[in-house]
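The block underneath contains the structure these notes are about, expressed in structure tokens.
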Amino acid sequence: MTAATRLKDRIAAGLEEGRGRSLAYTDIDDDLLVRQHSPLMSPLVWDLAHVGNYEELWVLRALAGAEPTRPEIDTLYDAFAHPRKERPLLPLLGPAEARTYIAGVRGRVLDVLDLMQDGDLYGPDPLRAGGFAFGLVLQHEHQHDETMLATLQLSGRPGLVRDGALPPGRPGGPDEVLVPAGPFRMGAGADPWAYDNERPAHEVDLPAYWIDRLPVTCGAFAAFAEDGGYDDSRWWDPRGWRWRVRQGVTAPLYWTREPGGAWWRSRFGRMEPVPPEEPVQHVSWYEADAYARWAGRRLPTEAEWEKACAWDPRAGRARAYPWGDAVPGPGHANLGHRASRPAPAGAFPAGASRYGAEQMIGDVWEWTGSWFLPYPGFSAFPYREYSEVFFGRDHRVLRGGSWATHALAVRAAFRNWDLPIRRQIFAGFRCARPASPEEA
Ligand code: AVJ
Ligand code: FE
């Protein structure tokens with residue numbers, strides 16, 4: 001078997017798995033597919049056709065030079081032409097039409113893949129090299145699948161809760177790990193499917209710091225709320241405080257408190273007690289930032305997060321994942337919607353990084369203290385609207401992926417970003433603090 005055949009098989013299997021996921025999440029009544037569950041989110045039927053339209057743009061047209069199959073629909077599925085709140089008013093393809101459209105695109109994409117040779121996949125064309133355009137559409141579909149899950153959670157409709165088994169938590173152990181001072185290499189190395197915003201890799205020198213071994217749990221976050229953390233402006237960024245007051249936020253999204261004081265949450269329409277040992281999710285950057293200040297800490301910078309996750313000081317190189325370069329297995333991390341929830345704190349000792357940080361990949365996206373900015377020497381590829389137009393002081397960086405993220409759509413160097421008010425995403429955080437000179 002040639003190297004191209006092996007890569008083509010991996011791509012074909014990945015495309016099929018991703019499509020199975022998109023179709024499973026949209027295997028619901030048409031009425032639920034076309035309805036807008038929240039002005040923050042697209043109707044699910046938009047995501048479905050958008051995924052196929054993106055695949056047509058990048059594989060059929062950009063890579064293979066094909067003519068548009070349905071030029072009149074492009075603008076409907078251009079995320080920049082129409083903000084989310086406008087999407088339900090557009091003459092979108094209906095559910096059946098959308099499924100037919102994306103299946104037609106997929107058939108042609110598999111034909112294009114089939115015809116690719118070693119020389120194409122390992123040649124100089126940057127859209128073809130390493131199967132880049134295929135990796136782009138595959139990751140994109142998984143990103144929208146995660147967005148669809150967030151929409152389904154917002155809809156509050158029962159169903160689609162997966163009760164797959166997760167490993168038990170491990171109470172005890174150190175709260176924080178020390179990362180000694182020194183330089184490390186930040187950003188994507190040889191990974192052919194890395195996004196433009198992960199490049200170029202560059203050296204960053206950091207002073208010594210402590211970072212939480214585990215993400216902040218629901219129990220710890222409840223202590224902040226019970227201590228009046230939501231009522232004390234001292235802990236809050238001024239913009240966060242205004243947002244908190246205006247929105248009347250008093251707990252993570254989907255949480256409620258009984259008169260007796262017990263915390264409950266709604267998860268895909270199911271009411272259940274908040275599990276104290278589970279990493280907290282559905283908190284905004286502002287809530288994470290306020291918790292950290294209350295705890296006498298701060299959020300890690302993006303560089304601190306990545307060094308603690310990926311750097312191997314003995315080998316002097318960055319790993320693709322905390323545990324090494326092996327693709328994520330069930331003992332490493334909670335990814336790919338095994339269960340519709342994060343795993344309890346301490347569930348993945350085999351997923352620990354060189355510095356001893358755990359659960360950095362999977363479970364919950366982790367807010368960092370950094371704005372979404374380009375690395376020095378950044379150049380947009382293959383299009384400015386993936387990352388470049390979002391750089392600046394509007395979006396905060398999230399790292400590590402959640403329980404809903406597919407293994408192909410996250411790695412140590414992967415950067416996600418969102419507005420600091422966002423709560424419907426599967427985001428939590430961990431804290432950090434500088435090390436004193438004696439500790440360092
Ligand atoms: C990287 C998750 C912020 O969903 O807005 C999807 C990914 N870009 N379609 C998003 C994306 C174009 C993006 N995030
Ligand atoms: Fe998209």
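Because only heavy atoms are used, hydrogens play no part in the values below, and waters and symmetry mates are left out as well, while side chains stay in. In listed order, ligands and their atoms are each counted from 1. Computed from a predicted model, the values in this text were never measured in an experiment. All residue numbers refer to positions in the sequence shown, counting from 1.
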Note: [X]-[Y] ion pair, threshold 4.0 Å (strictly below):
X      : Y      : value
Asp312 : Arg317 : no
Glu16  : Arg106 : no
Glu141 : Arg21  : no
Glu302 : Arg396 : no

Is the ring centre of Trp365 less than 6.0 Å from the ring centre of Phe426?
no
In this structure, is the centre-to-centre distance between the rings of Trp236 and Tyr230 below 6.0 Å?
yes
Nearest non-hydrogen atom to atom 4 (O) of ligand 1 belongs to which of Asp47, Thr147, Val51?
Thr147
Provide the number and element of each atom of ligand 1 under 4.0 Å from a heavy atom of Gln143.
6 (C), 7 (C), 11 (C)
His144 to ligand 1, any heavy atom closer than 4.0 Å
yes
Do any nitrogen or oxygen atoms of His140 lie less than 3.5 angstrom from nitrogen or oxygen atoms of ligand 1?
yes
Can you confirm, on distance only, whether ligand 1 has an N/O atom lying under 3.5 Å from any N/O atom belonging to Tyr386?
no
Do protein heavy atoms approach atom 10 (C) of ligand 1 to less than 4.0 Å?
no
Can you give me the NE2-the Fe ion (ligand 2)-NE2 angle for His140 and His144, to 10°?
90°
In the protein, what heavy atom is nearest to atom 14 (N) of ligand 1, and what distance, to one decimal place, separates them?
Asn416 OD1, 3.6 Å
shortest atom 5 (O) of ligand 1-to-protein heavy-atom contact is with Arg84 NH2, 4.8 Å
At under 4.0 Å between heavy atoms, what of Asp418 touches ligand 1? The answer is neither
Do Asp47 and His144 get their side chains close enough for a donor-acceptor pair, meaning under 3.5 Å?
yes
